[in-house]
Amino acid sequence: MELSIEKALNQKFASIFEQLGLDTKFATVKVSDRPDLSDFQCNGALALAKPLRRNPREIAQEIASRLEQDNDIEKVSIDGPGFINVTLKNEFIASVLDNMAADERFGVAKTARPKKIVIDSGGPNVAKALHVGHLRSAVIGEAIRRIEKFAGNEVISDVHLGDWGTPMGMILAEIINQDGSLAKTETYNIDEISAFYKKANIRCKEDENAKEKARLITAELQDGNPEYRKAWQHLRKVSVEAIKKNYDVLEAEFDLWLGESDAHDASAEVVRIAREKGVAEMDDGALIIRLEEGNKPKPPVILIKSDGGFGYQITDIATIKMRAEDLKAEEIIYVVDKRQSLHFEQVFEAAGKLGIAPGVTMKHIGFGTVNGKDGKPFKTRDGGVMNLEDLINLSKDKVRESMPKPGEVEGYDADYIEKLVGEIAVGAIKFQDLKNTISAGYIFELDDFAKFDGKTGPYIQYAIARINSILRKAAENGIAPGKIIISNAEERELLLKISQLGNVIARAHEDKEPSIISDYAYTLAQTFSSFYNAAPIMSEKDKTLAASRLKTAKMTKDVLTLLLYLLGIKAPEVMLKAAN
Ligand code: ARG
């Protein structure tokens with residue numbers, strides 16, 4: 001049973017190439033560059049011409065004359081220097097699409113060799129409110145988590161909480177400063193703890209002594225001072241609760257809530273291994289690993305700081321060891337700001353030298369910043385850092401503007417509308433993020449990102465809701481989805497577009513680039529609009545045509561829903577609001 005037009009065509013080409021004694025490596029098709037002239041094209045004859053010292057058009061002609069005998073093919077033409085252009089029979093397209101519709105994965109294949117992947121994303125810090133800088137890691141991380149899972153891999157997402165650095169000592173020092181002791185620590189909530197951190201930050205910037213004290217407390221905390229550990233446990237717990245709430249709203253799921261602190265013992269292990277292998281050396285009181293100077297010299301990795309403590313780098317190295325040994329990870333993907341790329345290059349290279357994660361692939365997916373109109377990191381109106389929660393509320397306010405008030409639409413109460421507002425608002429934020437390539441930064445577009453038209457999350461959600469409404473009306477009129485029959489150009493175009501699904505997901509997976517999915521979702525929703533305008537369902541007299549179109553519509557909806565799911569975006573049943 002054919003589940004992919006492209007695969008079927010590739011097979012047809014491969015067998016012809018084989019019959020003709022041509023290298024099948026070149027027997028691949030791609031979607032035509034000129035959709036007005038053909039559906040697919042194969043450029044293999046051009047690639048073969050040189051090594052075979054033959055005229056490419058002549059090779060193309062040989063291939064074409066065999067293709068012409070294929071019942072699934074309507075037309076073959078040779079264009080330009082030797083492009084083979086193929087137009088498919090409508091019946092062939094329809095039958096593959098019928099098969100896709102019947103398959104719960106729409107024929108999208110799983111990876112041949114599933115792997116165990118750890119995704120390190122989120123990266124929030126204890127006692128600091130999540131801000132707009134944390135948005136991308138959670139949003140991209142979640143999309144990649146879902147894409148990897150859908151591909152058939154086993155995925156473990158780990159939030160890798162920043163809970164072990166000097167900020168911890170700073171907060172404890174500040175509480176002692178104000179209270180005289182840590183006795184009251186366990187009564188403090190997240191706002192109070194954040195306030196301590198803010199004050200500590202100012203104090204440590206102004207006062208060297210305060211900084212030194214914070215540093216000592218951090219070292220003692222790491223060494224296991226029971227009083228500090230107890231107070232710190234509370235800071236961590238309260239922060240995690242607050243962070244979880246934020247991530248729940250964003251629908252970012254984490255399997256593990258481990259932090260830098262959890263790598264403490266493994267860090268000591270790393271030091272032992274480094275000494276044993278002789279890869280570390282003392283430098284100015286610190287224990288370091290020098291990295292290959294090569295053509296791109298890198299600063300050394302610091303295992304133990306000159307004050308005796310563990311820092312950010314060894315913590316990441318030790319975490320790699322744990323992920324390889326305890327979690328049996330085969331791949332680790334870091335979704336972290338691209339300004340940290342040197343850090344990851346250093347850490348990966350050090351891990352290699354230490355031999356702590358043999359065979360584990362490590363990738364840093366570095367993202368660009370979310371900027372304001374001035375091109376600088378997005379700020380609040382008064383120039384402060386934009387909290388993630390405030391950003392979500394801002395988006396909700398925007399969406400609420402175009403929503404009916406409770407009581408205005410029968411059957412939908414205030415709770416329902418508010419839930420819908422949340423799903424649309426978060427969908428808008430996430431889509432705005434994921435429609436950009438990861439490494440590029442983007443400007444947070446305050447005016448248009450939540451609109452129901454244009455390249456936005458709500459536009460795709462709206463397309464789905466519109467099809468839901470078509471499906472409801474069809475059911476009322478006794479129309480059920482039936483076998484696909486192509487009866488006009490728009491329908492043909494839409495079906496061919498849907499048939500690209502597998503390829504799109506494979507590319508997004510391969511490149512770890514969710515924007516490939518958001519681009520496709522957008523064009524698919526647009527293509528559906530043209531189809532529905534040209535091929536009405538309810539008013540169609542021919543019942544078999546109506547049933548076919550209904551099936552195409554339903555499939556579009558199911559595919560769009562899957563695409564939004566992979567991006568981590570909800571698809572509400574109704575939108576309660578017409579597009580502008
Ligand atoms: N907490 C870090 C920060 O705020 C990000 C952590 C990223 N993950 C990692 N494994 N280093 O910069």
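Bear in mind the structure is a predicted one, so any value in this text is a computation, not a measurement. We count ligands from 1, going down the list as the structure has it; atoms in each ligand are counted the same way.
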Closest approach of any protein heavy atom to atom 12 (O) of ligand 1, naming residue and atom: Gln340 NE2, 2.9 Å
Closest non-hydrogen atom pair between Ile429 and Leu391, with its separation: CD1-O, 4.0 Å
Lys244 NZ/CZ over Trp257 ring centroid, <6.0 Å and within 45° of normal: yes
Stacked cation flag Arg339 on Phe367, 6.0 angstrom / 45 deg: no
Under 4.0 Å from a heavy atom of [X]: give me the atoms of ligand 1 that qualify, with their elements.
X	value
Tyr334	10 (N)
Tyr312	2 (C), 5 (C), 6 (C), 7 (C), 9 (C), 11 (N)
His160	8 (N), 9 (C), 10 (N)
Asp120	8 (N), 9 (C), 10 (N)
Phe344	9 (C), 11 (N)

Ligand 1 versus Asn125: contacting region, heavy-atom distance under 4.0 Å: side chain
Flag, side chain of Ser137 to backbone of His134, donor-acceptor distance under 3.5 Å: no
Exercise: do Arg229 and Asn225 side chains pair donor with acceptor under 3.5 Å: no
Gln313 and Gln346: side chain donor to acceptor below 3.5 Å: yes
I'd like to check whether [X] has a polar contact with ligand 1, where a contact means an N/O of the residue lying under 3.5 Å from an N/O of the ligand.
X	answer
Gly123	yes
His134	no
Asp316	yes

Ring centre gap for Phe378 and Tyr442 strictly below 6.0 Å: no
Option set Asp337, Thr319, Val336, criterion heavy-atom distance to atom 7 (C) of ligand 1, minimum: Val336
Distance, nearest 0.5 Å, that separates CG of Asn209 from NZ of Lys213: 9.5 Å
